[in-house]
Novice: 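Just passing along the structure, written as structure tokens.
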Amino acid sequence: MGKAILFSAPSGCGKTTIIHELMQYFDCFDFSISATSRAPRGDERDGREYYFLSREDFMRRVEADEFLEWEEVYQGTCYGTLKSEVDRIWAAGRVIVFDVDVNGGRNIKRYFGTDALSIFVMPPSVAVLEERLRSRGTDSEEAIVKRLARSAEELKQAPQFDVTIVNDDLQRAVDETRRVIEDFLQCTNSSTY
Ligand code: ADP
Ligand code: 5GP
């Protein structure tokens with residue numbers, strides 16, 4: 001088994017932004033591309049941010065036991081981690097980076113145990129979270145309402161994660177995350193894992 005870093009948080013807390021910064025620093029990281037039944041957003045591309053599947057194809061893969069975990073994160077929209085992603089990244093000797101919802105994060109942590117570092121990204125406040133979701137400009141009003149409604153319950157789960165990072169100032173949050181990951185991987189140089 002290799003190592004894994006997993007990021008969870010309600011939508012809009014800044015996981016994607018923080019992961020993007022860290023991917024530039026840690027040469028050993030490879031992002032686990034999840035499958036989803038939602039449509040691409042903005043300039044998202046199939047096989048880069050997600051594998052975009054039809055609902056039927058997604059459920060066929062569930063039946064075929066192709067997922068390590070999957071969730072219907074929002075009503076009618078499924079997301080899941082394909083076992084083939086884990087195999088692909090570990091076969092290359094790299095560290096897997098997961099961006100998954102809070103339930104998925106708890107399941108993956110349970111599965112990988114001490115081989116995974118689970119990080120919860122916390123917004124400075126719910127008001128700031130709402131502002132960020134709106135200013136991202138990628139979601140419909142209906143999607144924003146769904147995401148906010150789910151966030152209250154998700155924020156309560158933070159203590160179940162190994163580390164909580166408050167994403168107030170982005171650079172400060174990235175630096176703190178980098179330090180906890182270096183401790184976990186026991187390396188101070190991004191290329192020595
Ligand atoms: P997530 O991946 O958790 O859904 P994103 O990374 O897409 O969240 O961030 C949501 C929005 O908030 C984006 O528009 C992003 O640019 C912005 N954002 C992220 N972190 C910060 C921060 N520390 N300060 C201000 N805006 C931020
Ligand atoms: P978005 O639609 O904003 O890209 O993602 C919505 C939510 O789905 C986010 O909280 C994201 O972390 C989560 N998510 C993405 N991929 C997976 C996955 O493979 N499994 C689970 N459980 N959640 C995921």
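Atoms within each ligand, like the ligands themselves, are counted from 1 in listed order.
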Novice: When rounded to the nearest 0.5 angstrom, what is the spacing between OG1 in Thr36 and OH in Tyr79?
Specialist: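 The distance works out to 4.5 Å.
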Novice: Relative to the heavy atoms of Glu71, which atoms of ligand 2 are at a distance of less than 4.0 Å?
Specialist: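 Result: 22 (N).
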Novice: Any N or O on Tyr74 sitting closer than 3.5 Å to an N or O of ligand 2?
Specialist: no
Novice: Which protein non-hydrogen atom lies closest to atom 4 (O) of ligand 1, naming both residue and atom, and how far is it?
Specialist: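 For atom 4 (O) of ligand 1, the nearest protein heavy atom comes out as Gly12 N, 2.7 Å.
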Novice: To which protein heavy atom is atom 2 (O) of ligand 1 closest, and what is the distance rounded to 0.1 Å?
Specialist: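 Result: Thr16 OG1, 2.4 Å.
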Novice: Would Ala9 count as a contact residue for ligand 2, given that I'm defining contact as a non-hydrogen atom of the residue lying under 4.0 Å from a ligand atom?
Specialist: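 Yes.
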Novice: Does Glu49 reach ligand 2, in the sense of a heavy atom lying below 4.0 Å from it?
Specialist: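 No.
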Novice: Out of the candidates Phe31, Phe26, Tyr25, only one should pair with Phe29 under the ring pair (Phe, Tyr, Trp, His ring centres under 6.0 Å) rule; please name it.
Specialist: Phe26
Novice: Any non-hydrogen atom of Ala9 lying under 4.0 Å from ligand 1?
Specialist: no
Novice: How far is atom 7 (O) of ligand 1 from its nearest protein heavy atom, and which residue and atom name does that atom have?
Specialist: Arg136 NH1, 2.9 Å
Novice: Classify the side-chain pair Arg136/Thr138 by whether it contains a donor and acceptor separated by less than 3.5 Å.
Specialist: yes
Novice: Pairs of nitrogen or oxygen atoms closer than 3.5 Å, one from Lys15 and one from ligand 1: do any exist?
Specialist: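 N/O-N/O distance below 3.5 Å exists for this pair.
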Novice: For this output row, return yes or no: ring centroids of Phe58 and Phe67 closer than 6.0 angstrom.
Specialist: yes
Novice: Report yes if some N/O of Ser34 lies less than 3.5 Å from some N/O of ligand 2; otherwise report no.
Specialist: yes
Novice: Starting from atom 20 (N) of ligand 2, locate the nearest protein heavy atom and write down its residue, its atom name and how far away it is, to 0.1 Å.
Specialist: Glu69 OE2, 2.7 Å
Novice: For atom 11 (C) of ligand 2, grab the closest protein heavy atom and report residue, atom and distance to one decimal in Å.
Specialist: Asp99 OD1, 3.6 Å
Novice: Is any NZ, NE, NH1 or NH2 atom of the basic residue among Arg150 and Glu153 found under 4.0 Å from an Asp or Glu carboxylate oxygen of the other?
Specialist: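 Here Arg150 does not pair with Glu153 in a salt bridge, since their nearest N and O are not under 4.0 Å apart.
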Novice: Could you tell me if any non-hydrogen atom of Ser135 lies under 4.0 Å from any atom of ligand 1?
Specialist: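 It does not, in that no heavy atom of Ser135 comes within the 4.0 Å cut-off of ligand 1.
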Novice: List every atom of ligand 2 that sits less than 4.0 Å from any heavy atom of Arg38, numbering the atoms from 1 in the order shown and giving each element.
Specialist: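 Contacts of ligand 2 toward Arg38, numbered from 1: 1 (P), 2 (O), 4 (O).
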Novice: Taking NZ, NE, NH1 and NH2 as the nitrogens, is one of them in Glu49 or Arg45 under 4.0 Å from a carboxylate oxygen of the other?
Specialist: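 Here Glu49 does not pair with Arg45 in a salt bridge, since their nearest N and O are not under 4.0 Å apart.
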Novice: Measure the CE-CD1 distance between Met122 and Ile165 for me, rounded to the nearest 0.5 Å.
Specialist: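 These two atoms lie 11.0 Å from each other.
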Novice: Under 4.0 Å, heavy atoms only, figure out whether ligand 1 is touched by the backbone of Asp168, its side chain, both or neither.
Specialist: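 The part of Asp168 near ligand 1 is the backbone, not the side chain.
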Novice: Should Pro10 be counted as touching ligand 2, given the test is an N or O pair under 3.5 Å?
Specialist: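 No; the residue has no nitrogen or oxygen that sits under 3.5 Å from a nitrogen or oxygen of the ligand.
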Novice: I'd like to know if the side chain of Glu85 pairs up with that of Tyr51 as donor and acceptor (distance under 3.5 Å, no hydrogens or angles considered).
Specialist: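 Looking only at side-chain atoms, Tyr51 and Glu85 do form a donor-acceptor pair, the distance falling under 3.5 Å.
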Novice: Could you pull out all residues at least two apart from Asp87 that satisfy side chain to side chain donor-acceptor pair (under 3.5 Å)?
Specialist: none
Novice: Among all protein heavy atoms, pick the one closest to atom 20 (N) of ligand 1 and tell me residue, atom and distance.
Specialist: Asn167 ND2, 3.0 Å
Novice: For atom 4 (O) of ligand 2, what is the closest protein heavy atom, and at what distance to 0.1 Å?
Specialist: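 The closest one turns out to be Tyr50 OH, 2.5 Å.
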Novice: Among protein heavy atoms, which sits nearest to atom 13 (C) of ligand 2, and what does the distance come to when rounded to 0.1 Å?
Specialist: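 Here the closest protein heavy atom is Asp101 N, 3.5 Å.
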Novice: Does a donor on one side chain sit under 3.5 Å from an acceptor on the other, for Gln157 and Glu154?
Specialist: no
Novice: Do the side chains of Asp139 and Lys146 get close enough for a salt bridge, i.e. N-O under 4.0 angstrom?
Specialist: no
Novice: If every non-hydrogen atom of Lys109 is compared with every non-hydrogen atom of Asp162, which pair is closest and at what distance?
Specialist: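 Closest heavy-atom pair between Lys109 and Asp162: NZ-OD2, 2.9 Å.
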Novice: Between Asp175 and Arg179, does a salt bridge (charged side-chain N to carboxylate O under 4.0 Å, His left out) hold up when you go through it step by step?
Specialist: CA-CA 6 Å; Asp175 290 345; Arg179 279 193 297 275; 5.4 Å; no
Novice: Please write down residue, atom name and distance for the protein heavy atom closest to atom 9 (C) of ligand 2.
Specialist: Lys15 NZ, 4.1 Å
Novice: Among all protein heavy atoms, pick out the one at the shortest distance from atom 8 (O) of ligand 1; state its residue, atom name and that distance to 0.1 Å.
Specialist: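 For atom 8 (O) of ligand 1, the nearest protein heavy atom is Gly14 N, 3.1 Å.
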Novice: Among all protein heavy atoms in this structure, tell me which lies nearest to atom 2 (O) of ligand 2, with the distance rounded to 0.1 Å.
Specialist: Tyr79 OH, 2.5 Å
Novice: Atom CG in Asp99, atom CG in Leu6: separation rounded to 0.5 Å?
Specialist: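 Going from the CG atom of Asp99 to the CG atom of Leu6 covers 10.0 Å.
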Novice: What's the verdict on salt bridge (charged side-chain N to carboxylate O under 4.0 Å, His left out) for Glu56 and Arg60, showing C-alpha distance, side-chain angles and the deciding distance?
Specialist: CA-CA 6 Å; Glu56 295 67 38; Arg60 191 186 56 72; over 6 Å; no
Novice: Output yes when the distance from some N or O of ligand 2 to some N or O of Arg41 is under 3.5 Å, and no in every other case.
Specialist: yes
Novice: Measuring from non-hydrogen atoms of Ser11 to any atom of ligand 1, is the shortest distance under 4.0 Å?
Specialist: yes
Novice: Evaluate whether atom CD of Gln24 has more than 12 neighbouring non-hydrogen atoms of other residues, nucleotides or ligands under 6.0 angstrom away.
Specialist: yes
Novice: Any idea which protein heavy atom is nearest atom 19 (C) of ligand 1, and the distance to it?
Specialist: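 The answer is Thr17 OG1, 3.6 Å.
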Novice: Suppose I only count heavy atoms of Ser11 and a 4.0 Å limit; which atoms of ligand 2 are within that range?
Specialist: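 Those qualifying, in numeric order: 3 (O).
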Novice: Does ligand 2 have an atom that lies less than 4.0 angstrom from a heavy atom of Phe98?
Specialist: no
Novice: Have a look at Ile96 and tell me which of Ile5, Ile108, Asp115, Ile89 forms a side-chain contact (heavy atoms from CB on, under 4.5 Å) with it.
Specialist: Ile89
Novice: Which of the numbered atoms in ligand 1 are under 4.0 angstrom from any heavy atom belonging to Leu170?
Specialist: 23 (N)
Novice: Students should be able to answer this: which protein heavy-atom is nearest to atom 11 (C) of ligand 1, and at what distance?
Specialist: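 Looking at atom 11 (C) of ligand 1, the protein heavy atom closest to it is Arg132 O, 3.8 Å.
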Novice: Do any N/O atoms on Thr81 end up under 3.5 angstrom from N/O atoms on ligand 2?
Specialist: yes
Novice: If you measure every N/O of Val100 against every N/O of ligand 2, is any gap under 3.5 Å?
Specialist: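 So ligand 2 has an N or O lying under 3.5 Å from an N or O of Val100.
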Novice: Could you check atom 3 (O) of ligand 2 against the protein and tell me its nearest heavy-atom contact, residue, atom and distance included?
Specialist: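 So the nearest neighbour among protein heavy atoms is Arg147 NH1, 2.7 Å.
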Novice: Could you tell me whether Glu130 and Arg134 have a side-chain N and a carboxylate O separated by less than 4.0 Å?
Specialist: yes
